[in-house]
Each structure stands twice: as C-alpha cells, then as structure tokens.
Amino acid sequence: MYLWIWRRLPDDPRVKLLIVAAAVLVAGLVLWYVVFPWLEPKTQFDHGVMDGTPSPTPHR
C-alpha cells in the first residue's frame, strides 16, 4: 500500500518525502486536536473503579 502511494506522488524523492512528512504531520495534528479530545470523555482510562468515599461499616 505504501509503495503504491509513493509511486503516485509527483516529482523527485525529496519532494515526495516532504509531501509524506507533511501528510504525517497533518494526520498527527488532526488526531491530537480533534479525535483525541472527542474520544477522551467516552473513555474511562483515568477513572478508577472506586470513587474514594469510604463505604459504611456493616452493623454487627
């Protein structure tokens, strides 16, 4: 797949490398500023199972 993309890019290898680097940078920025902020409230990775309040002691 990557070879197919590389062959279809125009110009010499230096320009191809610049285009690929720009595409990777844009993809990273879209993930960082759009996808991850949208996904963060839907995931619970930083939330523990316990809420931190002590449970009442059982009566004996």
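Position 1 is the first residue of the sequence, and the numbers go up from there. Everything quoted here is computed from the prediction, not taken from an experiment.
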Any pair counted as salt bridge (Lys or Arg N to Asp or Glu O under 4.0 Å), so long as it reaches residues 10-30, sequence neighbours left out: Asp12-Arg14
Provide the closest heavy-atom pair for Pro37 versus Leu31 in the form atom of the first, atom of the second, distance. CD-O, 4.1 Å
Decide whether Leu9 and Leu3 are clustered together by the hydrophobic rule: side chain heavy atoms of Ile, Leu, Val, Met, Phe, Trp, Tyr closer than 4.5 Å, transitively. no
Carefully, step by step, assess Arg8 and Trp4 under the rule side-chain contact (heavy atoms from CB on, under 4.5 Å). CA-CA 6 Å; Arg8 267 118 191 112; Trp4 181 85; 2.9 Å; yes
Same cluster or not: are Leu25 and Leu18 linked, directly or through other Ile, Leu, Val, Met, Phe, Trp or Tyr residues, by side-chain heavy atoms under 4.5 angstrom apart? no
CD1-CD1 distance between Ile5 and Ile19, expressed to the nearest 0.5 angstrom: 12.0 Å
What one should report as the nearest heavy-atom pair of Val20 and Trp6 is CG2-CZ3, 4.0 Å
Which hydrophobic side chains are connected to Leu39, either touching it within the sub-4.5 Å cutoff or through other members that do? Trp38
